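Sequence lines set the chain letters: A, B, ... in the order given, protein chains first and strands last, and positions in each chain run from 1. In this text, all values refer to a predicted model and were calculated from it rather than measured experimentally. No hydrogens, no waters, no symmetry mates; every other heavy atom, side chains included, goes into these values.
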Amino acid sequence: MIKKHIHTEAIQPYLKQKNTFPCNKKQQFILEGAPVSGLYFIYEGCVKVFKQTANKNSQIIRFSKNGEIVGHRGFGTNYVYDISASALTDSILCNFSTDVLIEMLHKTPPLMFDFMLFYADQLQKSEANAKRFAQMTVREKVINGLLFIMQKFGQTDSFINITLSRKDIADFAGTSTDQVIRVISALKKEGLLNAKGKRLGIPDVEKFEAQLKETQYFLEG
DNA sequence: GCATTAATTGGTC
DNA sequence: GACCAATTAATGC
């Protein structure tokens, strides 16, 4: 979204004010409850956005990859971040301070417009999301989650282009690590899933999708 | 290579 | 389906 505008004349001065820094795998760069420090653009890599829940569990809200932004919810009226974010792979991030961002948006209406579309889209997805979670079986949650991850990060040679821990998959699908492992090994036995160590892959997407009953569309996008 | 983490399996409630 | 314990595999240094 920012990328699309990156060559327009008007925003060049602001781009100089961004702070680019590397973020290694597992490193957390947004802490829930911490004061907002602007918005992050993912220049390279993959990132997860999550929320801590009561015990020691967490819920993964969404994944982001290069070209996308994180921390946009802290922008505007919020004083502190209501989510945490950490890198899933070694990444390169750009931080735009809230001030710079505001000015940039004011001076660049097309960018502002794209931001608006982005927010509207996010809202729509999160509403669609909320409905569908409760009545899914564990197996369906896991299948659904894996499908989404595959769709988002893509697959080469029948293996998904990212390696997530079983815990991350569980946090995303809304189950426990135990359950994820059990579903995965069942799917493996059924020949619906490739698994080599931590790497997973879907050999036959159609067959895999067919495991989901009726009204199941993907999470997010 | 060793030490720490993560994955997996099996069992109990 | 949640929780725990024991074993084994993967990973970091």
Side-chain angles (χ1 to χ4, degrees), chain A residues 21-32 42-66 70 83-93 129-205 207-220:
Chain A
F21 64 99
C23 183
N24 293 330
K25 191 174 178 175
K26 290 188 179 176
Q27 199 178 323
Q28 188 166 352
F29 61 94
I30 298 179
L31 186 61
E32 190 172 349
I42 305 166
Y43 183 76
E44 185 67 61
C46 303
V47 147
K48 68 172 172 182
V49 176
F50 60 101
K51 221 168 155 43
Q52 323 267 167
T53 51
N55 330 343
K56 272 177 187 168
N57 304 126
S58 56
Q59 248 279 294
I60 294 182
I61 313 295
R62 64 193 185 92
F63 294 107
S64 293
K65 58 180 179 180
N66 44 352
V70 179
I83 47 89
S84 298
S86 65
L88 292 169
T89 64
D90 291 349
S91 306
I92 299 172
L93 307 174
N129 240 357
K131 293 180 186 172
R132 209 206 34 253
F133 238 36
Q135 63 265 21
M136 260 195 273
T137 66
V138 170
R139 185 185 161 97
E140 286 166 340
K141 285 181 187 177
V142 174
I143 290 175
N144 203 221
L146 288 174
L147 261 178
F148 172 80
I149 292 164
M150 183 275 289
Q151 186 183 244
K152 173 116 196 173
F153 297 105
Q155 229 175 192
T156 46
D157 296 331
S158 290
F159 276 95
I160 298 176
N161 293 333
I162 192 174
T163 314
L164 295 172
S165 70
R166 302 287 129 111
K167 182 174 186 315
D168 279 343
I169 297 170
D171 288 348
F172 181 57
T175 10
S176 65
T177 310
D178 288 17
Q179 302 275 9
V180 168
I181 286 165
R182 290 195 152 94
V183 173
I184 285 175
S185 62
L187 290 171
K188 195 163 53 170
K189 276 179 191 155
E190 294 169 42
L192 291 164
L193 195 69
N194 291 333
K196 273 188 196 139
K198 301 183 69 172
R199 285 173 207 293
L200 297 175
I202 302 171
D204 186 337
V205 177
K207 258 192 192 171
F208 199 78
E209 265 173 2
Q211 297 298 308
L212 296 173
K213 314 250 160 52
E214 52 190 88
T215 53
Q216 221 90 173
Y217 17 101
F218 302 153
L219 306 151
E220 264 195 87

Q: Would you jot down, in residue-number order, the residues of residues 154-163 of chain A having a non-hydrogen atom under 4.0 Å from DNA chain C?
A: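 Nucleic-acid contacts, sorted: none.
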Q) Where along residues 177-188 of chain A does a heavy atom come under 4.0 Å from DNA chain C, residue by residue in number order? A)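 Residues of residues 177-188 of chain A under 4.0 Å from DNA chain C: A:Asp178, A:Gln179.
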Q. For A:Phe29, which residues count as a ring pair (Phe, Tyr, Trp, His ring centres under 6.0 Å) partner, sequence neighbours excluded?
A.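 Residues passing ring pair (Phe, Tyr, Trp, His ring centres under 6.0 Å) with A:Phe29: A:Tyr40.
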Q) Who pairs with A:Phe21 by ring pair (Phe, Tyr, Trp, His ring centres under 6.0 Å), at least two apart in sequence or on another chain? A) none
Over how many whole Å does the gap from [X] atom [atom1] to [N] atom [atom2] extend?
{"X": "A:Lys25", "N": "C:dC13", "atom1": "NZ", "atom2": "C1'", "value": "15 Å"}
{"X": "A:Arg199", "N": "B:dA6", "atom1": "CZ", "atom2": "P", "value": "17 Å"}
{"X": "A:Lys26", "N": "C:dA10", "atom1": "NZ", "atom2": "C1'", "value": "11 Å"}
{"X": "A:Leu164", "N": "C:dA10", "atom1": "CG", "atom2": "P", "value": "17 Å"}
{"X": "A:Lys198", "N": "B:dT5", "atom1": "NZ", "atom2": "P", "value": "13 Å"}
{"X": "A:Asp171", "N": "B:dA6", "atom1": "CG", "atom2": "P", "value": "12 Å"}

Q | Upstream residue (5' side of DNA chain C) when A:Lys196 and A:Thr175 are each assigned their closest nucleotide | A | A:Thr175
Q) A:Ser86: what forms a side chain to side chain donor-acceptor pair (under 3.5 Å) with it, not counting sequence neighbours? A)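 So A:Ser86 forms no side chain to side chain donor-acceptor pair (under 3.5 Å) with any residue.
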Q) With sequence neighbours left out, what residues match A:Ser176 under side chain to side chain donor-acceptor pair (under 3.5 Å)? A) none
Q) In chain order, what residues pass the salt bridge (Lys or Arg N to Asp or Glu O under 4.0 Å) check against A:Glu32, with sequence neighbours excluded? A) A:Lys51
Q) For A:Lys207, which residues count as a salt bridge (Lys or Arg N to Asp or Glu O under 4.0 Å) partner, sequence neighbours excluded? A)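 Per chain and number, A:Lys207 pairs via salt bridge (Lys or Arg N to Asp or Glu O under 4.0 Å) with no residue.
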Q) What heavy-atom pair brings A:Ile42 and A:Gly45 nearest, and what distance separates the two atoms? A)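 Taking A:Ile42 first and A:Gly45 second, the nearest heavy atoms are CG2-O, 3.6 Å.
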Run the side-chain donor-acceptor check on residues 187-195 of chain A: report pairs under 3.5 Å with partners two or more places apart or on a different chain.
| unit_1 | atom_1 | unit_2 | atom_2 | d |
| --- | --- | --- | --- | --- |
| A:Glu190 | OE1 | A:Arg139 | NH2 | 3.1 |
| A:Glu190 | OE2 | A:Arg139 | NH1 | 3.1 |
| A:Asn194 | ND2 | A:Ser158 | O | 3.2 |

